[in-house]
Asks: 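Let me begin by handing over the structure; questions about it come next.
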Amino acid sequence: MDAVIATALRFGDNAMVLGQRLGRWVSRSPTIELDVGFANQALDLIGQANLFYELAGRLEGKGRSADDLAFLRGADEYYNVQLVEQPNGDFAQTVMRQVLYAAYADIVFDFMAKGSNDDLAAIAAKGQKEMAYHFRHAGEWVIRLGDGTEESHARSQKALDFLWPWSHELFAYDAVDEKMVRQDVLPDAETIKKQWMESLGEVFERAGLIINEDGWQPGGGREGVHSEHLSYLLTEMQVLPRTYPGTQW
Amino acid sequence: MDSKQLEAFDSHVAGEGKVEPKDWMPDNYRQTLIRQISQHAHSEIIGMQPEGNWISRAPSLRRKMILLAKVQDEAGHGLYLYSAAETLGVSRGEMDQALLSGKAKYSSIFNYPTLTWADAVAIGWLVDGAAITNQIPLCRCSYGPYARAMVRVCKEEAFHQRQGFEGMMALAKGTSEQKAMAQGALDRWWWPSIAMFGPPDDDSPHSAQSMAWKIKRFSNDELRQKFIDMAVIQAQALGLEIPDPDLKLNEETGHWQTGPIDWDEFWAVVKGKGPCNRQRMTHRRKAHDEGAWVREAAMAFANKQQQKSEKAAA
């Protein structure tokens, strides 16, 4: 697969899957204000997915629309990192997942927006502003929960311990990513990891949370290898287009 | 209560004057508004559920975004209306408790299920359509904060209604399966939508006083008729059939006449016996209960921050 198409699909899928996850909170959040916030962030992410998919479909030239790419690919053709498909869990787990991904996407999109590929740059420029906001919002909640009550602190530490292994995959570059680095589309893995750790380090310090490294580094999302969770998510999301093929909605 | 104050209030309102939070107002006026505005807010909050039910399964990216934005607006309306009610001296906590305990009511229409995608779309068309019919006159309500809130709410609801109609059109003009889905939704939502305007005028306990206070501008039956006349034409444009064998145009009045509304069903649903009353309340309480530790953490954090800044100032 062409490296630009692959990159567009990967970031489209990250956004699609995470947006689908966040949408689930709407009407179930701890406050109505958070219902508004989750709906808003889900909208940002699905909007990003839509743009990345349109680009991928156009470059691919097989006449696949953004909807075709979202609704008619199986889990093994989804290329998101496994972090974003991890379950919502409790509120602590959801905001922890959000802060881990948003910090990464903020940095990558910031680079991509100034990078050599104009199509990706245009999408990234919009996405960067959104992800910077998601990082700030989720980061504030991680701090609040980490430095809130005993219970909220314990839940936050548990969420971080649970999700941390999946964070490594964000920086597990393959040949496609390396090519994109050479073409000045993606920043190199070491650089973003360093920046990412700086952004998160400050949040975790203020939250009083500790990174417990246990050596487990699951991954493979870039090649279509996923946890069991993804096919359930897609089955639910794709039910109508799959049941009524070729139908316009 | 001072009778001179009451007289002045009545004549101020009769002359289309606005009442503002710090103005003197009769206690009944205040209580009526608290009841109405908080019920309206609760309806927005519970109303997120039947449509939210289809966010994860919306059939295209565009529809998913439209639905998310719509449900987000409803949450926003809820917040906006709670704030308007707070200006009357009731707290958000009290209103939340009234909803959770079952003491406060919300619009009964949300106790019906969204069984197919078309139901989620039909809510936009019919329920938002009915809501706007009800709410446009509220933009001229005598209570200033409520009237101003309704101006904004109505703009967004009108947008939702157009999107709902457009979504119905896509189904009605689609495959035979989609058209059947659309018809099924109309069959399910038609009667609850026209019942949404409340009991007929001769059986509406609060109406006369609300009219005198210019909280209400039109009677339930007048508003219902307005909505029916609009919805019948729209259903015709969609090529869908209104599930009422008695529906006919009254040549003399120019209005569409429906068959008898089943008020027994309406009251049964109001009193908790609708298909989803229990589900909606369980969902709301679960969200509230499961979020308790988050709200406590936020409070604890805010207190710590305040102590820190006081210490720094000292």
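Chain letters run A, B, ... following the sequence lines, proteins first and then strands; every chain starts at 1.
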Asks: Please determine, among Gln238(A), Glu236(A), Arg242(A), Arg24(A), the option with the most heavy-atom pairs under 4.5 Å with chain B.
Replies: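 Most heavy-atom pairs within the cutoff with chain B belong to Glu236(A).
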Asks: Tell me, side chain or backbone of Ala42(A) under 4.5 Å from chain B's heavy atoms, or both, or neither?
Replies: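 Contact with chain B: backbone and side chain both.
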Asks: Which answer fits Gln248(A), side chain, backbone, both or neither, if we ask what part of it has an atom under 4.5 Å from a heavy atom of chain B?
Replies: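 The backbone, not the side chain.
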Asks: Counting only non-hydrogen atoms closer than 4.5 Å, does Ala58(B) touch chain A with its backbone (N, CA, C, O), its side chain (CB onward), both, or neither?
Replies: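 Contact with chain A involves the backbone of Ala58(B) alone.
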Asks: Taking atom CD of Glu241(B) as the centre, does the number of heavy atoms from other residues, nucleotides or ligands within less than 6.0 Å exceed 12?
Replies: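 Open: at most 12 neighbouring heavy atoms sit under 6.0 Å from CD of Glu241(B).
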Asks: If you count every heavy atom of other residues, nucleotides or ligands that lies below 6.0 Å from Glu205(A) atom CD, does the total exceed 12?
Replies: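 Counting neighbours around CD of Glu205(A), 12 or fewer heavy atoms of other residues, nucleotides or ligands fall under 6.0 Å, so no.
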Asks: To check you understand the geometry: which heavy-atom pair defines the closest contact between Pro241(A) and Pro59(B), and what is its length?
Replies: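 In this case the closest contact between Pro241(A) and Pro59(B) is CG-O, 3.3 Å.
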Asks: Minimum heavy-atom separation for Asp90(A) to Trp293(B), with atom names?
Replies: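 Minimum heavy-atom separation between Asp90(A) and Trp293(B): OD2-CZ2, 4.0 Å.
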Asks: Considering only heavy atoms from C-beta outward, does the side chain of Thr175(B) approach that of Tyr244(A) to under 4.5 Å?
Replies: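 Not touching, per the 4.5 Å side-chain cut-off.
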Asks: Give the minimum heavy-atom separation between Phe71(A) and Leu61(B), together with the two atoms involved.
Replies: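 Smallest interatomic distance, heavy atoms only, reads CE1-N, 3.5 Å.
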Asks: Most heavy-atom pairs under 4.5 angstrom with chain A, which of Glu177(B), Glu296(B), Lys173(B)?
Replies: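 Result: the option with the highest number of such pairs is Glu177(B).
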Asks: What part of Leu171(B) is in contact with chain A, defined as an atom under 4.5 angstrom from a non-hydrogen atom: side chain, backbone, both or neither?
Replies: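 It is the side chain, since no backbone atom gets that close.
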Asks: What part of Trp141(A) is in contact with chain B, defined as an atom under 4.5 angstrom from a non-hydrogen atom: side chain, backbone, both or neither?
Replies: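 For Trp141(A), the side chain is the part near chain B, not the backbone.
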Asks: Just give me the residue among Ala75(B), Gly78(B), Gly174(B) that pairs up with chain A most often, heavy atom to heavy atom, under 4.5 Å.
Replies: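 Option with the top pair count is Ala75(B).
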Asks: So for Glu150(A), is it side chain, backbone, both, or neither that comes closer than 4.5 Å to the heavy atoms of chain B?
Replies: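 For Glu150(A), no heavy atom lies under 4.5 Å from chain B.
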Asks: Taking side chain as C-beta onward, heavy atoms only, is Asp35(A) less than 4.5 Å from Glu74(B)?
Replies: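 Asp35(A) vs Glu74(B): side chains apart.
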Asks: Which atoms of Arg63(B) are under 4.5 Å from chain A, going by heavy atoms: the side chain, the backbone, both sets, or neither?
Replies: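 Contact with chain A involves the side chain of Arg63(B) alone.
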Asks: Name the option with the most non-hydrogen atom pairs under 4.5 Å to chain B; the candidates are Thr247(A), Leu233(A), Thr149(A), Leu43(A).
Replies: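 The residue among Thr247(A), Leu233(A), Thr149(A), Leu43(A) with the greatest pair count is Leu43(A).
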Asks: Need one label for Ile45(B): side chain, backbone, both or neither, based on atoms under 4.5 Å from any heavy atom in chain A.
Replies: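 It is the side chain, since no backbone atom gets that close.
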Asks: Just so I understand: if I count every heavy-atom pair under 4.5 Å between each of Gln49(B), Met48(B), His283(B) and chain A, which residue has the most?
Replies: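 So the answer, after comparing Gln49(B), Met48(B), His283(B), is His283(B).
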Asks: Side chain, backbone, both or neither: which part of Ser56(B) has a non-hydrogen atom closer than 4.5 Å to chain A?
Replies: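 For Ser56(B), backbone and side chain are both near chain A.
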Asks: I want to check something: taking the side chain as every heavy atom from C-beta on, are Arg62(B) and Asp67(A) in contact at a cut-off of under 4.5 Å?
Replies: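 Arg62(B) does not reach Asp67(A) side chain to side chain.
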Asks: Is Val294(B) in contact with chain A via its backbone, its side chain, both, or neither, using a 4.5 Å heavy-atom distance?
Replies: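 Backbone plus side chain of Val294(B), per the 4.5 Å heavy-atom cut-off to chain A.
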Asks: Counting only heavy atoms closer than 4.5 Å, note whether Tyr53(A) contacts chain B via side chain, backbone, both or neither.
Replies: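 Answer is side chain: those atoms of Tyr53(A) sit under 4.5 Å from chain B.
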Asks: For Phe159(B), is the CZ atom crowded, meaning more than 12 foreign heavy atoms sit under 6.0 Å from it?
Replies: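 No.
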Asks: Only pairs of heavy atoms separated by less than 4.5 Å count here; which of Gly19(A), Ser152(A), Ala49(A) has the most with chain B?
Replies: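 Most heavy-atom pairs within the cutoff with chain B belong to Ser152(A).
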Asks: Identify which part of Met181(B) has an atom lying under 4.5 Å from any heavy atom of chain A, answering side chain, backbone, both or neither.
Replies: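 Contact with chain A involves the side chain of Met181(B) alone.
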Asks: Which atoms of Val239(A) are under 4.5 Å from chain B, going by heavy atoms: the side chain, the backbone, both sets, or neither?
Replies: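 It is the side chain, since no backbone atom gets that close.
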Asks: Side chain from CB out, backbone as N, CA, C, O: work out which of these in Arg155(A) comes under 4.5 Å of a heavy atom of chain B, or both, or neither.
Replies: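 Only the side chain of Arg155(A) comes within 4.5 Å of chain B.
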Asks: Against chain A, label Gln178(B) side chain, backbone, both or neither, depending on which of its atoms sit under 4.5 Å from a heavy atom there.
Replies: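 For Gln178(B), the side chain is the part near chain A, not the backbone.
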Asks: Under the 3.5 angstrom rule, does the side chain of Lys64(B) hit a backbone N or O of Ile46(A) as a donor-acceptor pair?
Replies: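 Judged by distance alone, no pair lies under 3.5 Å.
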Asks: What pair of heavy atoms forms the shortest contact from Gly148(A) to Lys304(B), and how long is it?
Replies: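 It is O-NZ, 3.0 Å.
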Asks: Is there side-chain contact between Met65(B) and Asn50(A), with heavy atoms separated by less than 4.5 Å?
Replies: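 Met65(B) vs Asn50(A): side chains touch.
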Asks: Taking side chain as everything from C-beta outward and backbone as N, CA, C, O, which of these in Ile143(A) sits under 4.5 Å from a heavy atom of chain B? Side chain, backbone, both or neither.
Replies: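 Both parts, heavy atoms under 4.5 Å.
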Asks: Just by distance, do the side chain of Arg57(B) and the backbone of Leu240(A) share a donor-acceptor pair under 3.5 Å?
Replies: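 Pair absent, no side-chain N/O of Arg57(B) close to backbone of Leu240(A).
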Asks: Which residues in residues 79-106 of chain B have any heavy atom lying under 4.5 Å from a heavy atom of chain A?
Replies: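 Listed by number: Leu79(B), Arg92(B).
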Asks: How close do Gly76(B) and Val36(A) get, heavy atom to heavy atom, and via which atoms?
Replies: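 Closest approach of Gly76(B) to Val36(A): N-CG2, 4.0 Å.
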